[in-house]
Amino acid sequence: MTELMQLLYNYILETEFRSQLYTEQYRIQKLSVNQLDHQLQQVLPEDLRPLLDSYREALGLRQSFELEAMFLSALTLARALP
């Protein structure tokens, strides 16, 4: 991404993006994921917790890449509009 694209991406993440997540569906899904994560942490043996932490980090990084790809796709589409 160019510097301008990165600035726009960061601005959207800090402002508009968060406001789009205030839906009932998102709230329910987030609660479900949090509960499952907590349950998994409770039953997981101590020696496997680093693996869970690595998984969480990898998942977070993947989600970041997906968000960036969605942003770039939307930007490309917006440029194509008359």
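Residues Glu68 and Tyr9 share a closest heavy-atom pair of N-OH, 3.5 Å.
In this structure the side chain of Leu13 reaches within 4.5 angstrom of the side chain of Leu67, judged on heavy atoms. Looking at heavy atoms from C-beta onward, Gln29 lies in side-chain contact with Val33 at the 4.5 angstrom threshold.
Of the inter-residue distances, the one linking Gln41 atom CD with Arg49 atom CZ reads 5.0 Å to the nearest 0.5 angstrom. Atoms OH and CD, on Tyr11 and Glu16 in that order, are 6.0 Å from each other to the nearest 0.5 Å. One finds the CZ atom of Arg27 at 6.5 Å from the CG atom of Leu31 (value rounded to the nearest 0.5 Å). For the atom pair CZ of Phe71 and CG of Leu8, the computed distance is 4.0 Å after rounding to the nearest 0.5 Å. Between Leu7 atom CG and Ile12 atom CD1 the span is 11.0 Å, to the nearest 0.5 Å. Atom CG of Leu21 is separated from atom NZ of Lys30 by 8.5 Å, given to the nearest 0.5 angstrom.
Around the CD atom of Glu3, the shell of radius 6.0 Å holds no more than 12 heavy atoms that belong to other residues, nucleotides or ligands.
The salt bridge (charged side-chain N to carboxylate O under 4.0 Å, His left out) search around Arg62 returns Glu66, not counting sequence neighbours.
In this structure a side-chain-to-backbone donor-acceptor pair under 3.5 Å is present from Ser64 to Gly60.
Side-chain contact annotation: Asn10 with Glu14, donor-acceptor N/O pair under 3.5 Å absent.
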